[in-house]
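Note that this is a predicted model, so its numbers are computed, not measured. One-based numbering, in listed order, for ligands and for the atoms of each.
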Amino acid sequence: MKNIVVLVSGGGTNLQRIIDCIESGEITNAQISLVVADRECFGLERAAKHGIKTQLIPRGTLFSSKLSQILPENTDLIVLAGFLSILNKEFCESFKGKIINIHPALLPKFGGKGMWGHHVHDAVLEAGEKESGATVHYVTSGIDEGEIILQKSFPITENETAETLAQKIHQVEFEIFPKAINLVLNNY
Ligand code: GRF
C-alpha cells in the first residue's frame, strides 16, 4: 500500500475526488496518510469527514521545514491539490520525483509566479487562446516548471468567462488527476 500526503489551501474538490477514487478503487494500492493545509480551509474538513489525519502549518517561510518534520517517514507521494504556498528548493530537491501538482492551464504556457486561480483564466482569455485545460506535473523548485505527467485540453467557446473556464477545468482535473496518481504510483 502506497502512502499519499495531500497539501491543500482551498475548497478541496480535487482532494475530494482523490478520496472518492481511493474509496471506489479507481486509484489502486494507495491511501491518504495525512492532509496538510497552509491555512484554514474547507479541504481540512473534507479530510476529517473521511477520518483522515489533518495538520495545519501556517503559510510562511518556515512551511517547508515544518512540513518535512511532520511528514510520515513512509510517504511515497506528495500531492499538491489546490495548494498555494511555494515549497522551498531544499524540500523540492529532497523529495525529487515524489511531488506532483495540478495546474489549471496547459503548461508550459500560463504558469509561474502569480498564475493561480482566476489569474490564470483571465490571462488565457486575454491572450485569445483557442484552448485551455489542465496539467499534472512533477514539482521542482522552478514554479510550474517540472516534467509534465498528464495534460488534457478542450476548446474555448465564444462566450467563455473565467468562471466557465474554471468549471470546465475542474471537470478535466477530476479526470486526469486520479489517472496521473495511478501512473506515478502504479505505472499504469
Ligand atoms: C484547481 O483548479 C487546481 O488546478 C489549482 O487550484 C484549484 C483547486 O481547486 N491548483 P480545489 O481546491 O481542488 O477545488
Q.
Under 3.5 Å, is there a donor on one side chain and an acceptor on the other for T13 and H170?
A. yes
When you compare the side chains of H137 and Q151, does any donor N or O come within less than 3.5 Å of an acceptor on the partner? no
Which of E175, Q171, E173 passes side chain to side chain donor-acceptor pair (under 3.5 Å) with K152? It is E175
K168 side chain near F154 side chain, heavy-atom distance below 4.5 Å: yes
Note: H170, heavy atoms under 4.0 Å from ligand 1, region reported as side chain
Handout entry: Expected output: side-chain S24 to main-chain D20 donor-acceptor under 3.5 Å
Key = yes
Checklist entry - For G12 and ligand 1, does the shortest N/O to N/O distance drop below 3.5 Å? => result yes
Among S9, G82, A105, closest by heavy atom to atom 6 (O) of ligand 1 is G82
- [ ] Return a yes/no value for N101: is any of its N or O atoms, backbone included, closer than 3.5 angstrom to an N or O of ligand 1?
- [x] no
Note: ligand 1 atoms sitting under 4.0 Å from heavy atoms of E173 are 1 (C), 2 (O), 3 (C), 4 (O)
Under 3.5 Å between some N or O of ligand 1 and some N or O of I169?
no
Numbered in order shown, the ligand 1 atoms found under 4.0 Å of a heavy atom of T13 are 11 (P), 12 (O), 13 (O), 14 (O)
L80 versus I99: any side-chain heavy-atom pair under 4.5 Å? yes
protein heavy-atom neighbour closest to atom 10 (N) of ligand 1 works out as I102 O, 3.1 Å
